[in-house]
Amino acid sequence: MATTSVQSQLNQQVLQFLSKPKKILIDGKWVDAVSGKTFATLDPSTEEPLVQVAEGDKQDVDLAVKAARRAFENGPWRTMTASERGRAIWKLADLMEQHLEQFAELETLDNGKPISVARAADVPLAVDLFRYMAGWTTKIEGATIPISVPYTPGAKYLSYTLREPVGVVAQIIPWNFPLLMAAWKLGPALATGCTVVLKPAEQTPLSSLLLGELALEAGIPAGVLNIVTGFGETAGAALAAHPDVDKVAFTGSTEVGKLVLQAAAGNLKKVSLELGGKSPNVVFSDADIDTAVKGAASAIFFNHGQCCCAGSRLYVENNIFDQVVEGVSQQAKKIRVGAGMDPKTQMGPLVSHEQLQRVCGYMESGLTEGAKAVTGGKRAGTKGYFVEPTVLVNTNPKMKVVQEEIFGPVVTAIPFKDAEDIVSSANDTVYGLAAGIWTKDISKAHQLAAQLKAGTVWINCYNIFDAALPFGGYKQSGWGREMGKDVLELYTEVKAVCTRIG
Ligand code: NAI
Ligand code: MG
C-alpha cells in the first residue's frame with residue numbers, strides 16, 4: 001500500500017478502489033487471470049506497491065477476443081442507432097467528469113505525475129475526447145457515386161459507399177498518459193461501432209480499470225470493452241498476433257511498434273502505430289524571447305519529458321543561444337520536483353525503475369561523449385524515481401542524446417545559423433512526430449512548417465492538444481493519425497455497393 005502520509009490525503013473512493021486486487025474485464029464481468037497470477041503496480045514516488053493486479057496472458061486474451069467477437073457480431077452495439085451509441089459514449093464522459101478527482105488521484109499514484117496536472121489536463125482532455133467522438137457517431141457517412149462503366153453502354157446504376165466498423169480491435173497503450181491514451185484509442189473505436197480488447201501498460205493499469213467500471217455503468221454493452229491487464233511480451237504480443245483481431249492500435253516504443261507490425265502480418269490485421277519522437281523545437285532570434293524560453297522549458301519538462309512529442313532537441317539561433325540556454329536552465333532550476341500527490345509539485349518521479357535507469361544511462365552517455373550539463377545531469381535523491389531537469393550543450397549530431405528518444409526531462413540545446421541551416425538539422429532524425437517554431441515572422445514560420453517532416457507543428461506554442469486536431473507521425477514515428485475526424489478512417493472499412501437499376 002501507499003505510505004500513510006499519502007493515504008491520508010486520498011479520496012475515500014480511491015482508498016476503496018485500492019483496497020481490493022484488481023481484475024480483468026471480460027464480457028462485462030470482472031474475473032481473475034486464468035493462471036491466477038497477479039503483479040503489483042507501484043507508486044513511483046515511494047517505490048511501494050499500490051495494489052495487486054491480475055496478470056493476463058494469452059489465455060485471457062483469447063477469452064477477451066471471443067467476447068469482443070460475440071459482442072461485435074451478435075450484440076446490440078452494432079444494431080443500436082448511431083444516436084443511442086453516441087448517448088452511451090456521452091454518458092461515459094459525464095460519469096468520468098463526476099469521477100474526475102478519483103481519476104486524477106489514481107493517475108498520480110500510478111504514474112507519478114503532479115496531481116495538479118492530472119486534474120487540469122489528463123482527465124479533462126480524456127472527457128473531452130469522448131464527447132467529441134460521441135458527436136461523430138451520427139456523422140459517419142458514405143457517399144453516392146455516379147459511375148459510367150464503359151462496357152455496359154446504356155445501363156443505369158445506383159452506387160454508394162458505406163463506412164462500417166472494422167470489427168474487433170486490440171488496443172495496446174503506454175504509461176505516460178494512461179487515461180488519455182485509453183481515451184484516444186477507445187473514443188473512435190466506440191464511436192464507429194467496433195468492439196475492443198484494451199491492454200493498459202503494466203506500469204499504470206489503474207485508471208483504465210476505473211474507466212471499465214464506468215463504461216458498464218454508462219450502458220456500454222457487455223463484451224464491447226474488454227480490458228486485459230498484463231505484460232507486453234505476453235498479453236500484448238498475444239493481442240497483436242491474434243488471428244481473430246481485425247485491427248491493432250499501438251502506442252509505445254518504435255522498437256515494439258515494429259514487433260506489433262510483424263505480429264499483425266499473420267492475419268494482415270489493420271495496424272496503426274503512434275511511436276517515438278525526437279522533436280525539434282526551433283527558436284529564432286526574432287521570437288519573443290521570454291515566451292520562447294518558457295515554452296521551450298515546458299516543451300521538454302512537461303510530464304517529466306515522458307511525452308512522445310517532447311521538444312527534446314532545442315535549436316536556437318546563434319546570436320541568442322547563450323541567453324536562451326541560460327533562460328531554460330533557470331526555468332529548470334525553479335521546477336519543484338517531488339511526489340505527485342503534493343499539490344505544490346511541478347515535476348514528479350519517472351514512471352519506473354526501468355525508465356530511471358534508461359534516462360540516467362542517456363545522461364551519462366552524453367556526458368561521457370563530451371556534452372556538458374548546464375543544469376541537472378543526474379538522479380535526484382535516492383528513493384523514488386526522480387531525476388533532475390537537465391539541459392545539455394556541447395553536443396554533436398552523432399551523439400545518442402541527440403539521435404535517440406530519451407523520454408525524460410533532458411533537452412539538448414544546439415545553435416543554428418539561419419532558416420536554411422535549420423531545415424536539414426531539424427529533419428536529421430528517423431522520427432517525425434512534432435516540431436516547434438518560435439518567431440514573430442509569420443511567413444518564416446509557415447515556410448518552415450511546410451518543410452518540417454512532422455505530423456504536428458506548433459508555432460509560438462507547444463504541447464497544445466485538442467480532440468479535434470489529428471496527431472501522429474511521419475517516418476518512424478508511426479502510421480495513421482489519432483483524434484480529429486482522420487482517426488475515423490482507422491476504425492472503419494469502406495464498402496462500395498453497386499445496384500443496376502435500369
Ligand atoms: P513499450 O513500447 O515496451 O510499451 C508500450 C506498451 O506496449 C505497453 O502496454 C507494453 O506492455 C506493450 N508491449 C511491450 N512489448 C510488447 C510486445 N512485444 N507486443 C505487444 N505489446 C507490447 O515501452 P516501454 O518499454 O514502457 O518504454 C520504453 C521506451 O519506449 C520509452 O523510454 C520511450 O522512449 C518509448 N515510449 C514511447 C511512448 C509514446 O508515447 N510514443 C510511450 C511509452 C514509451
Ligand atoms: Mg518495453
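Residue numbers start at 1 and run along the sequence shown. Start at 1 and go down the list; that is how both ligands and their atoms are numbered.
The side chain to side chain contact (heavy atoms under 4.5 Å, CB included) test with L452 is passed by exactly one of I422, V423, N427: N427. In summary, of the residues considered (Y462, W438, Y315), a side chain to side chain donor-acceptor pair (under 3.5 Å) with N281 occurs for W438 alone.
Using a distance-only test at 3.5 Å, with no hydrogens or angles considered, a donor-acceptor pair links the side chain of N226 to the main chain of G223. Remark: side-chain polar atoms of D60 are paired, donor with acceptor, to backbone N or O of D57 under 3.5 angstrom. Side-chain N or O atoms of W77 include none that pairs as donor or acceptor with a backbone N or O of A71 at under 3.5 Å. At distances below 3.5 Å, not a single donor-acceptor pair connects side-chain atoms of T345 with backbone N or O atoms of V337.
Shown in contact with Q355 at under 4.0 Å from a heavy atom are these atoms of ligand 1, numbered in order with element: 27 (O), 28 (C), 31 (C), 32 (O). For ligand 1, the atoms sitting less than 4.0 Å from at least one non-hydrogen atom of I173 are 6 (C), 8 (C), 9 (O), numbered in the order shown with element in parentheses. Listed by number with element, the atoms of ligand 1 under 4.0 angstrom from any heavy atom of K199 are 9 (O), 10 (C), 11 (O). Less than 4.0 angstrom separates some heavy atom of F250 from each of these atoms of ligand 1: 2 (O), 6 (C), 7 (O). Taking every heavy atom of E274 and a limit of under 4.0 angstrom, the matching atoms of ligand 1 come to 41 (N). Each of the atoms 26 (O) of ligand 1 lies under 4.0 Å from some heavy atom of Q203. Heavy-atom proximity to G236, at under 4.0 Å, picks out these atoms of ligand 1: 19 (N), 20 (C), 21 (N). Less than 4.0 angstrom separates some heavy atom of P174 from each of these atoms of ligand 1: 42 (C), 43 (C).
Summary of contacts: the protein heavy atom closest to atom 39 (C) of ligand 1 is C308 CB, 3.5 Å. Looking only at protein heavy atoms, the nearest one to atom 38 (C) of ligand 1 is F407 CZ, 3.4 Å. Closest to atom 25 (O) of ligand 1 among all protein heavy atoms lies E354 OE2, 4.1 Å. Here the protein heavy atom with the shortest distance to atom 24 (P) of ligand 1 is W175 NE1, 3.8 Å. Protein heavy atom nearest atom 34 (O) of ligand 1, with residue, atom name and distance: E405 OE1, 2.7 Å.
Ring geometry, F231 versus F39: the interplanar angle falls from 30° to 60°, so the pair is classed tilted. In this pair, F465 and W184 present their aromatic rings tilted. The plane angle is within the 30 to 60° band.
The distance criterion of under 3.5 Å between nitrogen or oxygen atoms is met by G252 with respect to ligand 1. On a distance-only criterion, L275 and ligand 1 share at least one N/O pair closer than 3.5 Å.
Contacts between R358 and ligand 1, counted as non-hydrogen atom pairs separated by less than 4.0 Å, involve the side chain only. Only side-chain heavy atoms of E202 come within less than 4.0 Å of ligand 1; its backbone N, CA, C and O stay farther off.
A salt bridge links E101 with R119: the distance from a Lys NZ or Arg NE/NH1/NH2 to an Asp or Glu carboxylate oxygen falls below 4.0 Å.
Taking the six-membered ring wherever Trp is involved, the centroid distance between the rings of W479 and F250 does not fall below 6.0 Å.
Nearest to atom 36 (N) of ligand 1 by heavy atom, out of S253, A237, A240, is S253. Counting heavy atoms only, G232 comes closest to atom 13 (N) of ligand 1 of the residues C309, G232, A201.
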- request: Check the pair K185 / T251 against side-chain hydrogen bond (donor to acceptor under 3.5 Å, both in side chains), numbers first and verdict last.
  value: CA-CA 9 Å; K185 297 250 181 304; T251 297; 2.6 Å; yes
field: Residue pair V14, L109: steps toward the side-chain contact (heavy atoms from CB on, under 4.5 Å) verdict
entry: CA-CA 10 Å; V14 169; L109 288 173; 4.1 Å; yes
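Proximity of atom 4 (O) of ligand 1 to the protein is not indicated, since no non-hydrogen protein atom lies closer than 4.0 angstrom.
Under a 4.0 angstrom heavy-atom cut-off, F177 registers as lying outside contact with ligand 1.
Residues T375 and P389 have side chains not in contact (no heavy-atom distance under 4.5 Å, counting atoms from C-beta outward).
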